[in-house]
Amino acid sequence: MKHAAALAMANAMTIPHPLPAAVHGAARPADGGTIPRLVTHDGHFTLMVDGKPFFILAAQLHNSSAWPQLLDQSWQSVEALHANTVEAPVYWEQFEPSPGHFDITNIDALIAKARMSGKRLILLWFGTWKNGQMQYAPEWIKADAKTYPRQLDEHGQPLGDLSTFAPATLQADSHAFGALMAHLRKIDGDRHTVIMVQVENEPGTIGAVRDHSPAADAAFNGPVPAAIQQRVGGRAGTWSQLFGADAEEMFNAWANARYINAVAAAGKQVYPLPMYVNCWLRYKDKRYPGMDYPSGGATYNVFDVWRAVSPSIDLIGTDLYTTDAAEFRKVLAQYHRPDNPSWISETGFDPKTAPFLYYILANDGIGFSIFGIDNPPSDAQAKAIDAHARNYALLGSIESLLAQAMADGQLKAAVEAPGEPRQTLDFGDWRVTLSFGPPPWGESPAIIPNSPDVDGRALVIRLDQQHFLVTGTDVRVEFARTARDGRHGQLLRVEEGKYVGDTWQLQRWLNGDEVDYGINFHKESRLVRVKVGAY
């Protein structure tokens, strides 16, 4: 590829194509190989950062906010939320304004800002796709439809998506993404400010179920690749023979997944950070691919096709925009699988979504991210910040303990649901009963209502055989010993306090009215350390 003349920018670099062997080689980062990674242990997924478990409490900037001139303003909401991680986009059109010429201004500004404020970063690659379209492709891609053709609908009309069957397009995106990862390795390989990278954004086709370009038609009418055959039962045949009415959507999922996997592989060859793809979901009774949602994204119905051909993608994230708890739980169950952890890559910045963070804690997740946090000041903005900041500030104060407990399987959590005012958490020899809606003090009636706002939640971490750490909102917490050895359980000490680093600092003992009918949590954020025993 011949490159355009270099632009006169101070923060720019030119990387020849293909990338030099020294970049493509197996050289390890300067830190000796402890880069962030996703690991599994005893059925638990854990994101490891600097060799320790890390739980993501993220705030995502609006799409057009990742510019140096806007970061100070956007970061005000980040700080108000007490987020430990910021999700921010990298725009292909800005990063590669002419072929092979890379402008690193925005990326370096993001990393500098994150380091200055003590935050981690997740970078979102807006490349071939952004929300099922090609909006962030560079002008030189958009202007050359011969070299970089669009997808075609069933009538032969061009769509707003680049064809995944065009080798030049895949080469261009892979080269740009490889250059991004090479730069991250160079400036952040020993610091790990950037802990994960999203490859593309809500990929898929809008306006048709699949690409109908000549190359796509030929592939659709040919045999299903062996990797897909093995994943879905081992039978051979064409897409129509194996998948019937769903053939076009399955085909498009394969086309997109193998394309994105190639882009991710080009980046991982340079700097193998954890990489994921986020998904515009098939939910809320949506049924029509290409109309209700982008066809060929990693929706639950094509998940096995995706995983069969995307080994360079570590996980699939869910962009889950609902305030309905039942719908949230349904989608979470679809994506919480032995081959995929729970990861809310985006959710609505709304007070009603704040309790849903505890579903991620309860389902062995790796993190939770709120989208579009840098809105103009308003009453709605203030309420959303307040609701989510109470979660983030409290959990952030124990983030190391929290992440380690999740990795060890010693954390349990619950969220209040309408009509379900009581729940239990089983710790083997101890049972913790959660009551949402009892009176502030006194015995609970046999039938209790839900809490007034139905936003109760609770978190219990087992610290050791005798100690538990508890927090919650609008909930009463009671301990009962269930070991069958003829002994009786009791609370030996209940302490309210906080962690400073890894050290527990006592503020007061709780007794009498504060524990006679359970430990009551209201809207305030507080931590309680419970010591139990038997006699």
Check [X] against [Y] and note the closest heavy-atom contact, atom names and distance.
{"X": "Ser345", "Y": "Gly317", "answer": "OG-C, 3.3 Å"}
{"X": "Ala362", "Y": "Ala413", "answer": "CB-O, 3.3 Å"}
{"X": "Tyr259", "Y": "Thr128", "answer": "OH-OG1, 2.8 Å"}
{"X": "Phe102", "Y": "Ala176", "answer": "CE2-CA, 3.8 Å"}
{"X": "Ile316", "Y": "Asn340", "answer": "N-OD1, 2.8 Å"}
{"X": "Ile385", "Y": "Ser77", "answer": "CD1-OG, 4.3 Å"}

Is it true that, when you exclude [X] itself, more than 12 heavy atoms of the residues, nucleotides or ligands shown sit nearer than 6.0 Å to its [atom1]?
{"X": "Lys383", "atom1": "NZ", "answer": "no"}
{"X": "Gln73", "atom1": "CD", "answer": "no"}
{"X": "Asp379", "atom1": "CG", "answer": "no"}
{"X": "Lys52", "atom1": "NZ", "answer": "no"}

Where the side chain of [X] meets the backbone of [Y], is there a donor-acceptor pair that is under 3.5 Å apart?
{"X": "Asn84", "Y": "Phe55", "value": "yes"}
{"X": "Trp140", "Y": "Glu93", "value": "no"}
{"X": "Glu96", "Y": "Gly100", "value": "yes"}
{"X": "Asn375", "Y": "Gln381", "value": "no"}
{"X": "Asn131", "Y": "Glu202", "value": "no"}
{"X": "Asn106", "Y": "Phe95", "value": "no"}

Quiz question: by atom type and distance under 3.5 Å, do the side chains of Asp211 and Ser213 form a donor-acceptor pair?
yes
Go through the steps to decide whether Tyr283 and Tyr300 satisfy the test ring-ring contact (aromatic ring centres under 6.0 Å, His included), and finish with yes or no.
CA-CA 9 Å; Tyr283 68 146; Tyr300 74 91; 9.9 Å; no
Do His62 and Phe371 touch side chain to side chain, with heavy atoms closer than 4.5 Å?
yes
Heavy-atom check, side chain of Leu361 versus side chain of Met406, under 4.5 Å:
yes
So Phe177 and Trp125, would you call those rings parallel, tilted or perpendicular, with 30° and 60° as cut-offs?
tilted
Using the ring of each side chain (for Trp, its six-membered ring), is Phe251 parallel, tilted or perpendicular to Trp239, with breaks at 30° and 60°?
perpendicular
Between Asp314 and the options Arg307, Arg37, Lys268, the salt bridge (charged side-chain N to carboxylate O under 4.0 Å, His left out) test singles out Lys268
Geometric cation-pi criterion Arg258 and Phe165, 6.0 Å radius, 45° cone:
yes
Gap between atom [atom2] of [Y] and atom [atom1] of [X] - 0.5 Å precision:
{"X": "Lys352", "Y": "Thr347", "atom1": "NZ", "atom2": "OG1", "result": "13.0 Å"}
{"X": "Thr318", "Y": "Trp343", "atom1": "OG1", "atom2": "CH2", "result": "9.0 Å"}
{"X": "Phe126", "Y": "Glu200", "atom1": "CZ", "atom2": "CD", "result": "10.5 Å"}
{"X": "Glu346", "Y": "Asp319", "atom1": "CD", "atom2": "CG", "result": "3.5 Å"}
{"X": "Asn391", "Y": "Leu57", "atom1": "CG", "atom2": "CG", "result": "8.5 Å"}
{"X": "Arg115", "Y": "Leu121", "atom1": "CZ", "atom2": "CG", "result": "9.5 Å"}

Name all pairs fulfilling the side-chain hydrogen bond (donor to acceptor under 3.5 Å, both in side chains) condition that reach into residues 149-158, sequence neighbours left out, sorted by first residue then second.
Gln151-Thr205
With Thr353, which residues qualify under side chain to side chain donor-acceptor pair (under 3.5 Å), at least two apart?
His388
Thr322 and Asp324: side-chain hydrogen bond (donor to acceptor under 3.5 Å, both in side chains), yes or no, with the steps?
CA-CA 5 Å; Thr322 181; Asp324 181 85; 5.1 Å; no
